[in-house]
Amino acid sequence: MIDPPAHDVDAARAAALRFATLAQPDVAYTIAELPIGRVVLARTAQGLVRIAYADLNGTVDAIVEQLADRLSPRILEQPARFDDVRTELEEYFAGKRQQFSITLDWSLIRGRFGAAVLRATAAIPYGSVSTYGVVAAEAGNIAASRATGNALGNNPIPIVIPCHRVLRSGGGLGGYTGGLERKQALLELEGALSGGQLSLA
């Protein structure tokens, strides 16, 4: 057998590398069925960037279009890239996981204060809750409860960044982008809401 010329081999390797680069999208997404409904999951090379409730954020196509507009048009459905995310979410909903270890991409989070709000929210322990006022103070502006609510309402990675753990100061549920039924279900799952009793962090 005659080996091909070295330059032909190099050219073939270069073409294969270019194809692999083009085939790897900037944003991968998939659809997952959770106990609280269907969600669209999206990730970049930096980490999980989006969990979108499909029934409240538009159609799946609309969510994908938003991701393409805000992140990159190089977006592709790749379910196999979410095995770790699916596993952690399954463990969470089975009551076997209290903390997520998934790496996150914070690029869809709006503004420095919004990021501070969501980092403070991420620190609320499983099974506990906090209030808009407390989170605002921890984010650096005790008077910014309304802005805190807006930041939580725009949380691009709910469940993993647990905005459902933030309530009104009087103990009312407050708002939730996924709907109050989902917020209540998540709090009940975590044991923070049982028989009307809440555990403040």
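Every value quoted in this text rests on a predicted model; they were computed, and no experiment measured them.
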Of all heavy-atom pairs linking F113 and A136, the shortest is CE1-O, 4.4 Å
What is the minimum heavy-atom distance between G174 and K183, and which atoms define it?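 Nearest heavy atoms, G174 then K183: C-NZ, 4.1 Å.
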Side chains of Y92 and Q99, donor plus acceptor under 3.5 Å: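 No, no side-chain donor-acceptor contact under 3.5 Å.
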No-hydrogen, no-angle side-chain donor-acceptor test under 3.5 Å, T30 and E77: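 No pair is found: no donor N or O on one side chain lies under 3.5 Å from an acceptor on the other.
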NZ/NE/NH1/NH2 to OD/OE distance under 4.0 Å, E91 and R97: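 Answer for the salt bridge query: yes.
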Please determine whether a side-chain nitrogen of the Lys or Arg among R165 and E190 lies less than 4.0 Å from a carboxylate oxygen of the Asp or Glu. yes
Among Ile, Leu, Val, Met, Phe, Trp and Tyr joined by side-chain contacts under 4.5 Å, find the other residues sharing a cluster with Y29 and list them by chain and number. V27, I31, V40, V49, V60, I63, V64, L67, L71, I75, L108
Within the 4.5 Å heavy-atom criterion, are L89 and I159 side-chain neighbours or not? yes
Residue pairs passing the side-chain hydrogen bond (donor to acceptor under 3.5 Å, both in side chains) test with at least one member in residues 172-182, sequence neighbours excluded, are Y53-Y176, D55-R182
Taking [X] for the side chain and [Y] for the main chain, is one N or O donor matched with an acceptor at less than 3.5 Å?
X	Y	result
N155	L118	no
S72	A68	no
R50	P156	yes

Among T103, D105, L104, D84, whose side-chain contact (heavy atoms from CB on, under 4.5 Å) with R43 holds? D84
